[in-house]
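Okay, so here's the structure we're looking at.
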Amino acid sequence: MRSFFKKYGFLFSISFTFFIIGLFYVTGLNALKIYPVIVNFLFFLIFFASLFAQKTVIQKIAELQEGILNNSVKIYTRNLTYLWCIFLFIQFLISILTLFLDDKIWMIYNGFVSYILLGSFFAIEYMVRIILKRKKIL
């Protein structure tokens, strides 16, 4: 899969961009409401697909920052990837649900609440990671 994106990543990006532009053109402004659904699903898909690889996305990021990782960090990053998958899938489902609700609710959730939840999830995980590092668990 990695070699596929190395070879065709640019083509995929261009195709996806034209698909979104076409979707906006054909459906009008309502296509804008689909954007959070697509983004949440793609991020979920990236994290979920990495669970089947030798190294998860989070483990690769950790290796870039820390260098060689010990086993406890590898286990932590894999478990963290599971948590991110669950979180992103819930975000995806809620963004689908908001498509059928009032535009104001869609705007409040997808333009504000989802970002607060995302930032909070990241901040809590970061604090847990600092605590675990201080206790020499990671």
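Fair warning: this is a prediction, and the values are worked out from it, not measured in the lab.
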Audit row: Thr81, Thr56, side chain to side chain donor-acceptor pair (under 3.5 Å) steps and yes/no: CA-CA 7 Å; Thr81 304; Thr56 64; 3.2 Å; yes
Are [X] and [Y] linked, directly or through other ILVMFWY residues, by side chains that come within less than 4.5 angstrom of each other?
X      : Y      : result
Leu64  : Phe122 : no
Tyr126 : Leu69  : no
Ile86  : Val37  : yes
Leu93  : Leu88  : yes
Ile34  : Ile105 : no

Spatial distance of atom [atom1] ([X]) from atom [atom2] ([Y]) [nearest 0.5 Å]:
X      : Y      : atom1 : atom2 : result
Met127 : Arg129 : CE    : CZ    : 11.5 Å
Tyr76  : Leu83  : OH    : CG    : 8.5 Å
Ile14  : Leu11  : CD1   : CG    : 8.0 Å
Ser95  : Phe41  : OG    : CZ    : 11.0 Å
Asn40  : Asn110 : CG    : CG    : 7.5 Å
Ile75  : Asn70  : CD1   : CG    : 9.0 Å

CA sep, side-chain torsions, deciding dist, call: Thr98, Tyr109, side chain to side chain contact (heavy atoms under 4.5 Å, CB included): CA-CA 8 Å; Thr98 61; Tyr109 182 78; 4.1 Å; yes
For the student: nearest non-hydrogen atoms of Gln54 and Gln59, plus distance: O-OE1, 4.1 Å
Expected output: side-chain Thr77 to main-chain Ile58 donor-acceptor under 3.5 Å: no
Polar side-chain atom of Ser72 near backbone of Leu138 as donor-acceptor pair, under 3.5 Å: no
Contacts of type ring pair (Phe, Tyr, Trp, His ring centres under 6.0 Å), residue Phe121, not counting sequence neighbours: Trp84, Phe87
Side chain to side chain contact (heavy atoms under 4.5 Å, CB included) between Leu80 and Glu125, intermediate numbers included: CA-CA 8 Å; Leu80 183 59; Glu125 185 280 319; 3.3 Å; yes
Sequence-distant partners of Lys74, salt bridge (Lys or Arg N to Asp or Glu O under 4.0 Å), two or more places apart: none
Phe16, CZ: over 12 other non-hydrogen atoms inside 6.0 angstrom: yes
Identified ring pair (Phe, Tyr, Trp, His ring centres under 6.0 Å) counterpart of Phe44 within the set Phe92, Tyr82, Phe89: Phe89
Check against side chain to side chain contact (heavy atoms under 4.5 Å, CB included), Leu51 and Cys85: CA-CA 9 Å; Leu51 288 171; Cys85 284; 3.8 Å; yes
